[in-house]
Amino acid sequence: MGPVRRGLILALLPLPAWASVCDKARPNWDGTPVSAWSEAAALFSSPLALFLLAATIITLRFRNHWAALAVCVAWSFLASSLTFFSPAGGQRAASVAEGCAGPATVFIGMIGILCVVMILYTSPKKEKSS
């Protein structure tokens with residue numbers, strides 16, 4: 001194995017020391033791997049997620065099932081835009097590979113649980129016929 005091939009193989013390995021993506025995506029990253037819980041906290045602290053949390057609270061307060069449906073659809077669009085569809089051209093996948101962004105599984109799971117609870121809580125009650 002020659003020096004050129006060895007250099008190419010080493011260049012493909014994700015290492016925190018070569019985290020040029022992390023300099024742009026998370027400039028205050030200290031080099032420690034990000035866990036799924038801290039990634040969920042970071043994703044829930046985005047401005048749109050905070051707005052949707054407020055909309056969820058208002059929807060649950062007034063028990064409006066159509067508003068709950070709209071908020072659940074908005075949550076699903078937010079989750080897919082933050083995790084699956086990278087507007088920065090694959091920067092999220094590279095950040096996860098480098099270690100400065102964690103997996104979004106906890107974030108997606110918490111959104112799923114929140115939407116299920118919201119739909120069940122705001123669903124219209126069936127009247128008993130006697």
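Source: prediction; values computed, not measured.
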For the pair W29 (side chain) and T32 (backbone), establish whether a donor and an acceptor sit closer than 3.5 Å, ignoring hydrogens and angles. yes

Can you give each donor-acceptor pair under 3.5 Å made by side-chain atoms of residues 37-46, sequence neighbours left out, with the distance rounded to 0.1 Å?
unit_1	atom_1	unit_2	atom_2	d
S38	OG	S35	N	3.2
S38	OG	S35	O	3.1
S38	OG	S35	OG	3.2
E39	OE1	R26	NH1	3.0
E39	OE1	R26	NH2	3.0
E39	OE1	G102	N	3.1
E39	OE2	R26	NH2	2.9
E39	OE2	R92	NH1	3.0
S45	OG	A41	O	3.3
S45	OG	A42	O	2.8
S46	OG	L43	O	3.0
S46	OG	A49	N	3.4

Compile the donor-acceptor pairs under 3.5 Å between side chains in residues 50-62 and protein atoms, sequence neighbours left out, one pair per line.
unit_1	atom_1	unit_2	atom_2	d
T56	OG1	L52	O	2.7
T56	OG1	W75	NE1	3.0
T59	OG1	A55	O	2.7

Show me, pair by pair, the donor-acceptor contacts under 3.5 angstrom made by side chains of residues 109-123, not counting sequence neighbours?
unit_1	atom_1	unit_2	atom_2	d
T122	OG1	M118	O	2.8
S123	OG	L120	O	3.1

